[in-house]
Amino acid sequence: MAIPKKSFIPAPYAFGFHKPDEYIYKSGRGLSEAVIREMSAQKGEPAWMLNFRLKSFGIYQKKQMPFWGPSLADIQFKNLFYYLRPVKSQAESWNELPDAIRDTYDKIGIPEMEKKFLSGVSAQYESEVVYKSIEKTLHEKGVIFTDMDTAVRKYPELVKQYMGKLILPGDNKFAALNSSVWSGGSFIYVPKNVSVGLPLQAYFRINAANMGQFERTLIIADEGSFVHYIEGCTAPIYSTDSLHSAVVEIFVKKGARVRYSTVQNWSTNVFNLVTKRARVEEEGIMEWVDGNIGSKVTMKYPACYLVGKKAHGEVLSIAYAGKGQIQDTGGKMLHLAPETTSRIISKSISSGGGRTSYRGMVHIAHNATGSRSNVVCDALIVDDASRSDTYPKMDIHETQSVMEHEASVSRISDDQLFYLISRGISVNQAASMIVNGFIEPIVKELPLEYAVELNRLMDLEMQGSVG
Amino acid sequence: MSKQPSFTVSHLSVSLPSGKNVITDISMVFESKKTYVIMGPNGSGKSTLANVLMGNTKYTVKGNLYFGSKNITKMKTSDRAKLGIFLAFQSPIAISGVSVTNLLRAAYQELHPDTKKRDIHVHNSVLAARWKSSDMSLSELLETIKKYALFLHIDPMLLTRSIHEGFSGGERKKIEVLQALVLQPKFVIFDEIDTGLDVDALKIVASGIELLQKNGTGCIIITHYQRLLSYLHPDVVSVLKNGIIFKSGGAAVAKQIEKSGYGNT
C-alpha cells in the first residue's frame with residue numbers, strides 16, 4: 001500500500017508569539033565581563049562565585065565551537081540577552097496564549113492547573129501548599145531541595161565542594177558559557193541512607209526562575225540514598241530565548257541511586273545544548289531517562305563516570321525530530337573501575353524531514369576487568385524526507401570485558417499499517433500506535449502522567465504524517 | 001429482523017503493481033451468515049482476492065464490490081472494517097509495543113462507537129483516554145477477550161505482549177480468530193487460516209470458526225486443503241485457478257479436489 005507523502009503538520013510553534021518586554025533588569029545584548037559582574041551583583045553573590053564566573057568566561061572566549069555534530073552557525077551569540085530578570089517572563093493570562101498552544105494543551109489533556117502554570121498565569125502552580133508539606137517531610141529527613149541561587153547563599157560549602165568539579169568550565173564551550181552566566185536550576189542534597197519516596201519535580205521549586213536559559217543543576221546523593229528528579233514537562237514550552245544551555249552534575253556516592261528523568265519540549269526556535277554528567281561510586285546506580293521532542297537543535301549526551309567497583313549507569317532515551325528539527329542525542333559511559341556495568345537504550349523517530357542522530361561513547365579503561373556494556377539504538381523513519389544516523393564510538397582498553405552494540409533502522413511498514421486499519425483504526429491512529437509501540441519500552445520507565453502525556457503528544461505529532 | 005446485507009463481487013479483475021494480471025473477471029455473492037470456501041492451488045490469486053476485499057490499495061482493481069447495495073470498491077480499509085468486514089491474515093505481521101489487548105481495545109471503540117453524542121471538553125489525561133464504546137464497558141471487553149482466549153486455548157500472557165511478536169504459527173492464527181470473535185464482524189475472510197497448524201490447533205481454530213458461524217457471521221474461507229472443511233459444512237465451495245472461478249458447487253467439490261487435485265478436474 002502506497003503512503004502518499006503529505007507535508008508534515010508542524011507543532012504549533014509556527015505562530016509568532018511575542019509579548020512586550022517587561023523586565024526588572026536586563027543586560028544589554030551580547031556578553032562581556034561587565035555583564036557578568038552586573039549579573040553577579042544583582043544576585044548578591046559572594047566573591048568566589050563571581051570569580052568562578054569570570055574565570056569561566058575567560059575559558060569560554062578561548063574555546064572553539066564543537067567541530068562535530070549539527071551546525072550551530074545560526075546561533076547569534078552577539079544578539080542574545082544573557083541575563084534577564086523578568087517581571088513575568090510568560091504570558092499574562094491564559095487568553096493571551098496563541099490558540100495553537102492552548103489547543104495543544106487541551107489535546108494533550110493536561111490538567112487545568114498545570115496549564116495555567118505552564119502558560120505563566122499561575123506562576124506557582126498553586127503548588128505552595130503542596131510544596132510546603134513536601135518540604136516539611138524533606139526537611140525532617142535532612143534533604144535539601146532548593147534552587148541553585150539560594151543554594152549558593154545558604155549552602156556555600158556544599159556548592160563550592162561540588163559545583164564545576166565534574167563538569168569543569170573548560171569541558172566544552174557551552175559548559176564554559178553556562179559556568180559564566182548560569183541562573184536558576186535545582187540543588188539537591190540527600191543525606192546518607194535517606195530514600196526520597198516522591199519524585200522531586202522542578203516545578204515544585206517555587207519562586208525559582210523557571211525553565212531558565214542557562215540552568216545549573218547539582219545533585220549530591222550521599223551513601224545509600226535514593227532520589228528521583230524530574231525535569232521539564234511534556235507540554236510544549238514556548239521560549240523567546242533561542243539558546244538554552246544547561247549543565248547538570250550528579251554525584252552518586254557509594255551504594256546510592258539517582259534517577260534523573262527529563263522530558264524536553266522546547267519550541268522549535270531553540271538551540272538546546274546540554275551537558276549532563278554523573279559520577280558514580282562503588283555499587284552506585286545512575287539512571288538517565290531522557291525524552292527530547294522539541295527544540296530546533298538538541299545536543300545532549302548524558303554521561304556516567306563509573307569510578308567505583310560494580311557501579312552501574314543507564315541512559316534510556318527517546319528522541320523525536322519533526323520538520324526542521326535535529327535531535328543529536330545519545331549517551332556516554334566511562335567504565336573506570338572493575339565490574340562496572342552500563343546500558344544505553346536509544347529510540348529515535350524522524351518524521352517530516354527531521355533528523356535524528358545517535359552519538360554515543362563507551363570507554364572501558366585498562367583494569368576495569370569484568371565490565372559490561374550493552375548499547376541498543378533503534379531508529380524509526382516515518383517518511384523518505386527524514387533521516388537517521390548512528391555514530392557509536394567504542395574505546396575498549398581491557399580485554400576482560402564485554403561490549404555489545406545493536407542498532408536497527410525501521411520504517412512504519414505498509415503491512416503494519418494495513419493490518420491495523422483492517423481492524424477499523426484510522427491510518428493516523430495506526431501510525432501513532434506503531435510509533436507509541438516503538439517507544440513503549442522507554443515510556444514505561446517514565447512516571448505515569450508523563451507517559452500518558454507523551455503518548456498523546458506522539459498522537460498529535462503523527463496527525464497527517466502518513467495517509 | 002431486516003435482511004442482513006450480502007457482500008457482492010462483480011466482474012472483478014485485479015493486477016499487481018508489476019502489471020501482472022492475477023484475477024480476471026470474477027463474480028461472486030456472499031450472503032450473510034453463510035459459509036463459503038474458496039480453494040485453489042498456489043498462485044491462483046486467493047490471497048490477492050482476500051486483500052482486495054479488505055481494500056489493500058497496492059493492487060489495481062477493475063469491476064465492483066458491493067456491501068448490500070452500497071458500492072464499496074473505492075472505500076477505505078478502515079471504513080470497510082466499520083461496515084463489518086474482517087480479514088484474518090495468512091501471515092499476520094508483528095507490531096512492537098502494541099499488545100493484543102490494546103489493539104482490540106482501539107479497534108472495538110472504532111467498530112462499536114458510542115452513538116450518543118458527548119461533547120466533553122477534556123482536560124484530564126486519564127479522562128482523555130476514556131472508553132468510548134456504547135454497548136460494553138472496558139472491563140466487560142477485557143472479560144470477553146479473556147473468555148474467548150480461554151476458549152481458543154490461548155495463553156493469557158500473550159494478550160499483553162506485543163501482537164504476533166515471537167508468536168508461534170499456531171498462536172498467530174488463534175490470535176486472528178480471537179480478534180474476529182471479539183470484534184463481531186458481519187463477514188470474516190480467513191486467508192489460509194489452516195496452514196501450518198497441527199491437528200490439535202486445527203480443531204481449536206475450527207471450533208472458533210464454528211462459534212462465529214453460530215453467532216451469525218458470514219465466513220469466507222480461503223484454503224488449499226479440504227481438512228478444515230469437514231468441521232465447517234460450507235454452503236458453497238468455489239475453485240479459483242489462474243485467476244478465474246473454475247468451478248463452483250456444494251461440499252462435494254472440495255472432496256473431489258482432495259481426491260484428484262486441481263490439475264485434473
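Listed by chain and number, the residues in a side chain to side chain donor-acceptor pair (under 3.5 Å) with A/S386 are A/D383 (sequence neighbours excluded). Listed by chain and residue number, A/R259 satisfy the side chain to side chain donor-acceptor pair (under 3.5 Å) test with A/E445 (two or more places apart in sequence, or in another chain).
To the nearest 0.5 Å, the span separating OG on B/S99 from CD on A/E440 amounts to 8.5 Å.
Only the backbone of A/F438 comes within contact range of chain B, judged by heavy atoms closer than 4.5 Å. Interface residue B/N51: backbone and side-chain heavy atoms are both found under 4.5 Å from chain A. Proximity to chain A (any heavy atom under 4.5 Å) is shown, for B/I95, by both the backbone and the side chain.
Against chain A, the residues from residues 83-91 of chain B that qualify, each with a non-hydrogen atom under 4.5 angstrom away, are B/I85, B/F86, B/L87, B/F89 in number order. Of residues 160-169 of chain B, those residues with a non-hydrogen atom less than 4.5 Å from any non-hydrogen atom of chain A are, in numerical order, B/I163, B/H164.
Exactly one of A/V427, A/I421, A/I425, A/L417 qualifies for a side chain to side chain contact (heavy atoms under 4.5 Å, CB included) with B/T77. That residue is A/I421.
In this structure, A/L420 and B/L103 have side chains that are in contact, with non-hydrogen atoms separated by less than 4.5 Å.
The two residues A/D415 and B/K58 come nearest to each other via the heavy atoms OD1-NZ, 4.3 Å. For B/A81 against A/R423, the heavy-atom pair with the smallest separation is CB-C, 3.9 Å. Residues B/P92 and A/Y419 share a closest heavy-atom pair of CB-CE1, 3.7 Å.
Comparing B/M54, B/K82, B/K76, B/R80 by heavy-atom pairs within less than 4.5 Å of chain A, the highest count is held by B/M54.
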